[in-house]
Amino acid sequence: MSSDNIEVTFEDGGKEVLPKGISVVEALRTTGRSANGWVASRVNGKLTDLSRTIEEDARIEAITADTEAGLDVLRHSASHIMAQAVKELFPDAKIAIGPAIENGFYYDFDVERPFTHEDLERIEQKMAEIIAARLQFKRREMPRDEAVRLFREQGEQYKVELLEELEDASVSLYQQGDFLDLCRGPHIPHTGYVKAHKLISLAGAYWRGDERNPMLQRIYGTAFPDRAALKRYLHFLEEAQKRDHRRLGRELDLFSFSDEVGAGMVIYHPKGAVLRHILETFEKREHLRRGYQLVIGPTLLKTELWKRSGHFDHYRENMYFTEIEDQSYGIKPMNCLAHMLIYKSKIRSYRDLPLRLFELGTVHRHEKSGVLHGLLRVRQFTQDDAHILCMPQQLHAEIQSIIDFVIEVMGIFGFSYEMEISTRPAKSIGTDEDWERATGALVSALQDKGIAYSVCEGEGAFYGPKIDVKLKDALDRRWQCATIQCDFTLPERFDLTYIGADGERHRPVMVHRVILGAIERFLGVLIEHYAGAFPSWLAPVQAVVMTVTDGQLEFARKVHQQLKDLGVRAELDDRSEKLGYKIREAQVQKVPYMLVIGDREVAAGGVRPRLRDGSQLDMMSAEQVAALIEKECLDATKGRIGLGII
RNA sequence: GCUGGCGUAGCUCAACGGUAGAGCAGCUGAUUUGUAAUCAGCAGGUUGGGGGUUCAAGUCCCUUCGCCAGCUCCA
């Protein structure tokens with residue numbers, strides 16, 4: 001083969017000898033292959049523009065817009081288009097960064113006057129013009145110093161700052177029309193590839209995510225390869241609004257907030273309280289059968305104790321303090337202290353370990369006002385908290401059994417989840433050795449189970465590394481629920497010991513863990529997960545008894561009481577309304593069973609169930625209805641929750 | 001906490017700086033109805049709170065509380 005030629009392998013398995021320096025798109029075209037649908041390519045595994053030349057033997061793969069990588073390329077390009085539009089409309093705007101993100105893209109700008117929603121419309125319109133012009137994305141490479149000079153001349157100080165931190169001698173820039181941006185690429189061939197775009201929202205964002213830095217104006221947008229996909233996404237956003245737990249909380253009369261009470265404090269209404277009661281009952285049973293012991297600690301503990309635990313030094317800004325007869329007390333932001341004291345209340349033998357102390361502990365944390373969010377982020381919440389004290393050699397098994405616990409519980413609720421390991425943060429206590437040991441225990445437990453996880457460097461708690469389990473809300477935002485945290489420092493600070501088989505005192509290790517996390521947050525995610533249509537075992541109202549006319553009320557009252565006696569959470573709709581009206585009401589309230597009683601049912605001594613999905617069952621007795629609901633509850637919970645739990 | 005937006009009846013929303021309205025929900029009455037809304041009437045408000053500008057403020061200004069999106073932080 002001549003040195004001017006290279007061998008190119010295509011995805012169809014075909015190999016062709018082509019001149020060196022041919023572009024990806026030319027390589028496809030000259031060999032009779034189509035670049036249809038390609039937004040970029042992967043050349044020898046590396047993401048590459050279609051216009052890039054190939055200098056050596058290569059394998060070419062397609063990046064199409066219907067893949068995640070392809071959408072990212074498209075959206076990243078859309079962010080450049082938006083930046084170009086902004087620069088054309090607001091020449092004084094300074095550009096910062098503009099990546100593709102999960103459902104779209106954003107770009108940060110430094111502007112004198114914050115953008116308005118009218119600006120957004122103008123920018124969107126300008127983008128449409130740029131897209132219609134089908135401007136080519138041209139890649140340029142230049143020495144880093146030259147790029148610094150270039151951006152400095154344009155007054156783009158943020159780009160200069162980014163460039164000055166790059167180590168590379170040469171950097172790449174992309175230009176479409178007059179707009180030039182520092183960028184690694186790749187990009188779509190020309191702006192016309194963006195077939196559908198929409199700017200979604202405006203927000204402030206600190207430069208480089210640091211609150212000490214100036215706040216920039218961020219514009220969020222999204223882009224798709226076709227109009228229909230954009231329409232589907234906008235429809236998803238609309239549907240997500242209907243699932244919003246704050247809206248459903250009000251519509252289903254579960255809970256409320258009050259500005260008279262204060263921000264971040266949940267007020268549970270009767271139906272919300274039933275839900276919470278069910279969750280807590282479920283939790284207690286699950287913990288007891290797994291060898292946990294139920295404990296209850298106080299809410300106020302002396303500040304001295306918080307100093308001993310390290311919370312005063314490391315968590316003070318999140319705590320509330322009060323004074324009682326000249327003595328300073330802290331309101332607990334975590335439940336661990338009382339559990340430490342319970343451990344210390346007597347001499348512990350290695351035979352007592354692992355000791356698993358469980359508490360549905362209500363804590364208060366001073367969360368910054370801007371972060372509060374319905375039930376998902378509050379200032380007072382109850383954790384299904386436990387502290388496990390064990391011998392070092394038991395740690396691995398304990399962590400594995402907690403992971404099993406989490407998996408089983410999430411399975412019952414039908415949640416999918418993501419696991420993350422967080423390592424040592426800058427502000428922390430404990431020795432390097434402790435941290436390594438604890439982190440290793442978490443990693444090996446997940447690896448032994450073959451569970452996929454990501455690593456968040458420096459995201460651990462100040463007292464130890466952790467495994468976090470994240471659930472998604474209706475908008476796919478992730479919320480940390482379960483967490484498993486190793487802690488080698490509290491046992492030390494409280495001088496916890498046990499007598500080993502050798503008769504000597506040893507230091508136990510501690511695991512701090514929650515399964516649902518905060519009941520409030522879990523409930524919020526749960527409401528969105530089910531869109532308010534709870535399965536029978538969770539439904540605050542499992543059945544509504546309703547009559548066709550007032551004539552059947554006497555019998556209906558009997559049925560209602562009978563169901564309640566059998567442990568069904570039943571209500572009676574005894575209003576003088578038409579049946580359709582009552583059905584609609586129950587349907588809107590997402591009640592799983594509507595039990596209709598007319599003259600025929602009275603005569604037969606039964607009810608006619610209508611299900612939430614609109615289907616109807618044959619006439620049956622109240623006992624049969626109760627048995628049906630009970631079976632449904634037991635099936636959903638692997639036999640854990642039946643009737644009569646409240 | 002920060003940037004921006006927003007607080008009108010229980011809910012969803014109207015009202016040019018000039019007498020705060022509607023639908024739903026609620027209450028009362030009529031109707032007695034067979035699987036997603038029967039009809040009529042009544043009542044409902046210190047326009048989040050406080051201060052100011054103005055002859056006059058839901059509307060303009062300041063302040064405070066709260067909510068929303070995002071950032072930072074986090075269960």
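Just so it is clear: chains get the letters A, B, ... in the order the sequence lines come, proteins before strands, and each one is counted from 1.
Figure legend: cation-pi geometry between R316(A) and F312(A), with NZ or CZ positioned under 6.0 Å from the six-membered ring centre and within 45° of its axis. A cation-pi contact, defined as under 6.0 Å to the ring centre and within 45° of the axis, is absent between R218(A) and F109(A).
Among the nucleotides A75(B), U33(B), A69(B), the one closest to the side chain of A203(A) is A69(B). Distance from the side chain of D550(A) is smallest to U32(B) among U32(B), A69(B), A75(B). Of the listed nucleotides (G66(B), U32(B), U38(B)), U32(B) has the atom at the smallest distance from the side chain of T549(A). The listed nucleotides are G34(B), A36(B), U3(B); the one nearest the side chain of V548(A) is G34(B). Here the side chain of A205(A) is nearest to one of U12(B), A36(B), C71(B), namely C71(B). Each of C65(B), A75(B), C71(B) was ranked by its minimum atom distance to the side chain of R365(A); first place goes to A75(B). The side chain of K368(A) lies closest to U72(B) when the candidates are C67(B), A75(B), U72(B). Picking from U32(B), U35(B), C74(B) the nucleotide with the shortest atom distance to the side chain of R521(A) gives C74(B). When distances run from any side-chain atom of R218(A) to the nucleotides C71(B), G66(B), G34(B), the shortest one goes to C71(B). Here the side chain of R477(A) is nearest to one of A75(B), G70(B), C71(B), namely G70(B).
No N or O donor and acceptor, one from the side chain of Q485(A) and one from the base of A75(B), sit under 3.5 Å apart. Scanning atom types as modelled, one donor and one acceptor separated by under 3.5 angstrom connect the side chain of E601(A) and the base of G34(B). Side-chain N/O atoms of Y206(A) and base N/O atoms of G70(B) include no donor-acceptor pair closer than 3.5 Å. The base of C73(B) lies close enough to the side chain of R377(A) for a donor and an acceptor atom to sit less than 3.5 Å apart.
The OH atom of Y581(A) sits 10 Å away from the P atom of C24(B) (whole-angstrom rounding). Distance L202(A) CG to G4(B) P: 11 Å, rounded to the nearest Å. Atom CD of E577(A) and atom C1' of U28(B) are 13 Å apart (whole Å). Going from atom CG of D244(A) over to atom P of C68(B) covers 9 Å, rounded to whole Å. Remark: C1' of U33(B) and CG of D573(A) are 13 Å apart, rounded to the nearest angstrom. Remark: P of C74(B) and NE2 of H366(A) are 15 Å apart, rounded to the nearest angstrom. Taking atom CZ of residue F555(A) and atom C1' of nucleotide U32(B), one finds them 19 Å apart after rounding to whole Å. Rounded to whole Å, atom P of U72(B) lies 10 Å from atom CD of E459(A).
For the C1' atoms, the distance from G58(B) to U46(B) is 12 Å, rounded to whole Å. Remark: the separation of the P atoms in C61(B) and A75(B) is 40 Å, to the nearest Å. Comparing G5(B) with U19(B), their P atoms are spaced 29 Å from each other, to the whole Å. To the nearest whole angstrom, the two P atoms, one in G17(B) and one in G7(B), are 15 Å apart. Taking atom P on both A30(B) and U47(B), the two are 37 Å apart, rounded to the nearest angstrom. As rounded to the nearest Å, U59(B) and G52(B) have C1' atoms that lie 15 Å from one another.
At a threshold of 4.0 angstrom between heavy atoms, the contacts of F115(A) with the nucleic acid are absent. If you check every strand for non-hydrogen atoms under 4.0 Å, G209(A) touches sugar and phosphate atoms only. Within 4.0 Å (heavy atoms only), V363(A) reaches no atom of the nucleic acid at all. Among the atoms of the strands shown, only primed sugar atoms or phosphate atoms (P, OP1, OP2) are found under 4.0 Å from some heavy atom of Q217(A).
Listed pair R246(A) / A69(B) meets the phosphate criterion, a side-chain N or O lying under 4.0 Å from OP1 or OP2. Within the structure, every side-chain polar atom (N or O) of K578(A) is placed at least 4.0 Å from both OP1 and OP2 of U35(B). Under 4.0 angstrom from either OP1 or OP2 of A75(B) there lies at least one side-chain N or O belonging to Q480(A).
Taking the ring centroids of F255(A) and Y268(A), they lie at or beyond the 6.0 Å cut-off. Annotation: F522(A) is in aromatic contact with F413(A) [ring centroid separation under 6.0 Å]. Side-chain rings of H366(A) and Y320(A) approach one another, their centers coming within less than 6.0 Å.
When both distances must be under 3.5 Å, the Watson-Crick or G-U wobble mate of G58(B) does not exist. The nucleotide C11(B) finds its pairing partner in G23(B), both defining distances of the Watson-Crick or G-U wobble pair being shorter than 3.5 Å. Pair assignment for U33(B): none, as no Watson-Crick or G-U wobble contacts are both less than 3.5 Å. For G44(B), there is no paired base (Watson-Crick or G-U wobble, both distances below 3.5 Å). Using the Watson-Crick or G-U wobble rule with both distances under 3.5 Å, C67(B) pairs with G5(B).
Here F381(A) packs flat against the base of A75(B); its ring centre is closer than 5.5 angstrom to the base's six-membered ring, tilted by less than 30 degrees.
With 3.5 Å as the limit, one finds no donor-acceptor pair spanning the side chains of T423(A) and T439(A).
With salt bridges taken as basic N to acidic carboxylate O contacts below 4.0 Å, one links E211(A) and K368(A).
The distance from the CG atom of L234(A) to the CD1 atom of I200(A) is 6.0 Å, given to the nearest 0.5 Å.
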